[in-house]
Amino acid sequence: MTGVVTPAPLERAFFARPAEQLARAMLGTRLVSSVGGDVAAGRIVETEAYVGPHDPASHAAERIGRTRRNGAMFGEPGTAYVYRLYGHWCLNVVSDAAGYPAAVLVRAIAPLSGFPLMRARRWPDREPGRDRDLGRGPGNLTRSLGITGALDAHPLDTPPLWLETGPAPDASRVAVAPRVGVTRAADWPLRFFIRGDPHVSRR
DNA sequence: GAAACGATTATCT
DNA sequence: GATAATCGTTTCA
């Protein structure tokens with residue numbers, strides 16, 4: 001039996017490394033939510049790294065420093081940084097070391113379980129759309145999983161939101177590209193995604 | 001207090 | 001592809 005990975009919670013040491021490395025390592029892992037009591041989960045297929053104070057695109061860039069919003073980025077690796085953007089929630093996983101602001105933005109997941117629940121959260125006021133759109137984009141996946149600012153600074157080895165091991169993508173399938181939507185450091189290649197996966201966001 | 005600013009998304013053409 | 005809607009945080013007066 002090869003290729004089968006029994007899901008297990010990711011340990012804190014997994015997150016204690018530079019964001020650029022963590023962003024790549026998080027591809028293929030499982031993001032599980034039990035928000036509201038029922039479980040929904042997806043496989044991470046797209047991430048972006050915000051690597052530290054020297055990263056001008058980071059919310060914790062040197063010129064900004066620590067603020068009310070970005071405080072969670074200075075916390076322990078393996079905790080969540082959740083913030084609001086254009087009316088949507090975005091989920092980051094804090095990386096590196098406590099006190100050093102760096103994080104990985106989860107941009108897309110491939111839904112694995114809890115489909116009815118995710119559809120209901122994603123399209124509460126209309127007929128459900130395509131399942132491929134449940135986890136496509138940072139604002140969409142948080143909506144489908146019920147992730148809100150209440151989970152800011154939440155440790156990601158504990159309900160109602162945690163990460164588990166999952167099958168790593170073949171190295172030849174991992175693509176690297178500039179980050180989406182950033183205006184500063186627009187050419188830094190810190191976006192990682194599984195090439196060809198239909199759940200990866202566009203631009 | 002007021003205004004500008006996004007690590008976005010949906011809905012057009 | 002272009003544009004409107006989105007809303008808390010941040011910044012400035």
Side-chain angles (χ1 to χ4, degrees), chain A residues 15 18-24 26-27 31 42 44-75 77 79-96 100-111 118-154 156 161 175-194 198-203:
Chain A
F15 304 98
E20 183 172 354
Q21 293 177 24
L22 179 62
R24 185 184 288 267
M26 278 171 53
L27 292 178
L31 178 62
I44 294 175
V45 297
E46 180 183 4
T47 59
E48 280 180 3
Y50 291 83
V51 295
H54 60 291
D55 179 354
S58 171
H59 287 169
E62 204 132 47
R63 72 179 189 285
I64 299 172
R66 185 170 185 159
T67 66
R68 179 205 214 91
R69 175 174 69 163
N70 68 24
M73 287 185 75
F74 293 78
T79 60
Y81 165 44
V82 183
Y83 70 94
R84 194 81 144 141
L85 178 71
Y86 292 115
H88 308 275
W89 295 109
C90 292
L91 170 69
N92 294 254
V93 178
V94 176
S95 74
D96 231 288
Y100 184 84
V104 174
L105 171 69
V106 182
R107 283 198 58 90
I109 60 170
M118 284 199 278
R119 292 185 194 115
R121 281 195 284 232
R122 176 79 170 77
W123 297 286
D125 301 321
R126 81 176 72 156
E127 289 301 307
R130 299 171 303 180
D131 284 346
R132 69 171 350 188
D133 290 332
L134 284 171
R136 188 180 191 184
N140 289 333
L141 72 90
T142 54
R143 188 164 187 177
S144 296
L145 294 178
I147 297 168
T148 70
L151 290 170
D152 191 35
H154 169 78
L156 292 167
L161 185 66
V176 186
R179 295 171 290 188
V180 174
V182 302
T183 56
R184 302 170 193 263
D187 58 337
W188 292 17
L190 293 175
R191 175 185 179 221
F192 303 86
F193 60 96
I194 299 178
H199 306 90
V200 171
S201 70
R202 282 174 168 268
R203 178 54 63 99

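Predicted, not measured: the structure shown is a model, and the values here were computed from it. In what follows, every heavy atom counts, from backbone to side chain, and hydrogens, waters and symmetry copies are set aside. Here is the naming used below: chain letters follow the sequence lines, and residue numbers restart at 1 for every chain.
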Under 4.0 Å between a side-chain N or O of [X] and OP1 or OP2 of [N]?
X	N	answer
A:Arg107	B:dT8	yes
A:His59	B:dA7	yes
A:Arg69	B:dA7	no

Over how many whole Å does the gap from [X] atom [atom1] to [N] atom [atom2] extend?
X	N	atom1	atom2	answer
A:Leu105	B:dT9	CG	C1'	14 Å
A:Glu46	B:dA7	CD	C1'	11 Å
A:Trp123	B:dT11	CH2	C1'	16 Å
A:Asp125	B:dT9	CG	P	18 Å
A:Leu91	B:dT8	CG	P	14 Å
A:Trp89	B:dG6	CH2	P	19 Å
A:Asp133	B:dT9	CG	C1'	11 Å
A:Leu85	C:dT6	CG	P	15 Å

Is [X] touching bases, backbone alone, or none of the nucleic acid, heavy atoms closer than 4.0 Å?
X	answer
A:Arg179	nothing
A:Asn140	sugar-phosphate
A:Arg143	nothing
A:Thr67	sugar-phosphate
A:Arg126	sugar-phosphate

Base-pairing mate for B:dC5 - Watson-Crick or G-U, with both contacts under 3.5 Å: C:dG8
Aro-ring/base stack A:Tyr86-B:dT8, d under 5.5 Å, angle under 30°: yes
Spatial distance of atom CZ (A:Phe193) from atom CZ (A:Arg24) [nearest 0.5 Å]: 11.5 Å
Minimum-distance nucleotide (side-chain atoms of A:Cys90 versus C:dT9, B:dT8, C:dG8): B:dT8
CZ/A:Arg63: more than 12 non-hydrogen atoms of other groups inside 6.0 Å: yes
Shortest non-hydrogen contact between A:Ala102 and A:Asp96, atoms and distance: CB-CB, 4.2 Å
Over all atoms of both residues, closest heavy-atom pair of A:Ala108 and A:His199: CB-O, 3.3 Å
Residue closer to the 5' end of DNA chain B, A:Arg184 versus A:Arg136 (nearest nucleotide): A:Arg184
Flag, side chain of A:Arg184 to backbone of A:Ala57, donor-acceptor distance under 3.5 Å: no
